[in-house]
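Everything below concerns the one structure shown next.
Since the model is a prediction, treat every value here as computed from it, not as a measurement. Below, each value reflects all heavy atoms present in this structure, side chains not excepted, and no hydrogens, waters or symmetry copies.
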Amino acid sequence: MIPQLVYVALRSHGEETYPYECCGVLLGHFADDGVKTVTRAARCGNTREDSPQNRYNIDPKELIHIQREGRERGEEIVGFYHSHPDHPAQWSVTDLAEAHWFGCSYVITSVEKGKAATTNAFELMGSNEDDKKFVDEPLTVS
Ligand SMILES: [Zn+2]
């Protein structure tokens, strides 16, 4: 579940960075049954300089900082988001290869000609790098 405000914010982030990818972290809570509630999105700088239009990378230092700040507020990292400028809101082979947070949501927004279009969520399932996979996850905006 993601609040309308956060949903709008991550979509507009993709419009702002167009034609480059945006990226960020989703903070919130995991319920005992694994259901995630997003409370906040933290924007990150895209550190990819080689190919920022179809790649993203979050600086590990920035990620640690966000994680620490979240803990102080009682929040956990529950997901990540990024945009696909002029590409469908579907995960790529690279997205899967670079995803390492099991149980987290990976939210992708397609940005067509500068306007946010579709937003999809995928959960990273599995237990290790060999059996990991993305599974479609319903995105409930409240
Ligand atoms: Zn991607």
Side-chain angles (χ1 to χ4, degrees), residues 1-129 132-142:
M1 202 183 62
I2 184 166
Q4 179 82 28
L5 269 176
V6 176
Y7 179 75
V8 169
L10 68 86
R11 284 169 57 85
S12 55
H13 191 193
E15 295 180 345
E16 284 170 39
T17 59
Y18 182 89
Y20 300 126
E21 288 197 8
C22 72
C23 55
V25 178
L26 298 172
L27 292 136
H29 310 280
F30 287 100
D32 291 337
D33 56 6
V35 174
K36 293 174 279 280
T37 303
V38 176
T39 50
R40 194 161 59 93
R43 292 183 171 205
C44 295
N46 186 351
T47 60
R48 288 298 284 243
E49 283 167 1
D50 50 341
S51 186
Q53 64 276 20
N54 57 14
R55 291 280 191 281
Y56 76 102
N57 181 60
I58 296 171
D59 181 349
K61 280 194 212 121
E62 196 173 9
L63 189 57
I64 289 167
H65 177 78
I66 289 168
Q67 191 174 26
R68 221 174 261 157
E69 202 185 56
R71 271 200 205 119
E72 284 164 15
R73 297 166 168 235
E75 296 166 330
E76 289 176 85
I77 291 176
V78 296
F80 299 88
Y81 72 89
H82 72 284
S83 62
H84 280 179
D86 297 316
H87 275 280
Q90 286 296 323
W91 55 270
S92 66
V93 175
T94 311
D95 288 336
L96 181 60
E98 294 180 354
H100 307 293
W101 290 63
F102 297 106
C104 276
S105 299
Y106 286 76
V107 175
I108 301 174
T109 299
S110 60
V111 183
E112 292 168 8
K113 297 191 175 88
K115 284 300 259 178
T118 312
T119 299
N120 289 324
F122 308 94
E123 184 173 318
L124 185 66
M125 307 278 270
S127 53
N128 60 58
E129 292 296 309
K132 70 180 181 180
K133 60 176 182 200
F134 277 131
V135 175
D136 290 358
E137 189 179 35
L139 192 65
T140 318
V141 182
S142 62

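The residue from Leu96, Ile108, Asn120 that alone fulfils the side chain to side chain contact (heavy atoms under 4.5 Å, CB included) condition with Phe134 is Leu96.
Between Pro19 and Asp86, every side-chain heavy-atom pair lies at or beyond the 4.5 Å cut-off. Under the 4.5 Å side-chain criterion, counting only non-hydrogen atoms from C-beta, Phe122 is not in contact with Glu137. The shortest distance between side-chain heavy atoms of Leu124 and Cys104 does not fall below 4.5 Å. Two residues are said to be in side-chain contact when any heavy atoms from C-beta on lie closer than 4.5 Å; Pro3 and Thr39 fail this criterion. Inter-residue side-chain proximity for Ile2 and Leu10 is flagged as met; some heavy-atom pair is nearer than 4.5 Å. No side-chain heavy atom of Ser110 sits under 4.5 Å from any side-chain heavy atom of Pro88. In this structure the side chain of Tyr81 reaches within 4.5 angstrom of the side chain of Cys22, judged on heavy atoms. For the pair His84 and Glu21, the minimum side-chain heavy-atom distance is below 4.5 Å.
Checked against a 6.0 Å centroid threshold, the rings of Trp91 and Tyr106 do not count as neighbours.
Although no hydrogens or angles enter the test, the distance criterion places a donor-acceptor pair under 3.5 Å between the side chain of Ser92 and the main chain of Asp95. Arg40 contributes no side-chain N or O that, together with a main-chain N or O of Val25, makes up a donor-acceptor pair within less than 3.5 Å.
The number of heavy-atom neighbours closer than 6.0 Å to CG of Asp32, taken from other residues, nucleotides and ligands shown, is 12 or below. Atom NE2 of His29 is surrounded by more than 12 heavy atoms from other residues, nucleotides or ligands within 6.0 Å.
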- Glu129 and His100: side-chain hydrogen bond (donor to acceptor under 3.5 Å, both in side chains), yes or no, with the steps? CA-CA 8 Å; Glu129 292 296 309; His100 307 293; 3.0 Å; yes
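Scanning all heavy atoms of the two residues, the minimum distance from Val78 to Lys36 falls at O-CD, 3.4 Å. When every heavy atom of Val6 is checked against every heavy atom of Ala41, the shortest pair comes out as CG1-CB, 3.7 Å. The two residues Ala116 and Thr109 have their closest heavy-atom pair at CB-CG2, 4.0 Å. The nearest pair of heavy atoms linking Cys23 to Gly45 is SG-O, 3.8 Å. Residues Tyr18 and Lys113 come closest through the heavy atom pair OH-CA, 3.4 Å. Taking every heavy atom of both residues into account, Arg43 and Ser12 meet most closely at NH2-OG, 4.3 Å.
In this structure, Glu15 CD and Lys115 NZ are separated by 4.5 Å, a value rounded to the nearest 0.5 Å. Of the inter-residue distances, the one linking Ile66 atom CD1 with Leu26 atom CG reads 10.5 Å to the nearest 0.5 angstrom. The structure places OG1 of Thr37 at 12.5 Å from CG of Leu27, a figure rounded to the nearest 0.5 Å. How far CG of Leu63 is from CG of Asn57: 10.0 Å, rounded to the nearest 0.5 Å. Distance check, rounded to the nearest 0.5 Å: OG of Ser142 to OH of Tyr7 gives 12.0 Å. Taking CZ of Arg73 as the start and CZ of Arg68 as the end, the distance is 15.5 Å to the nearest 0.5 Å.
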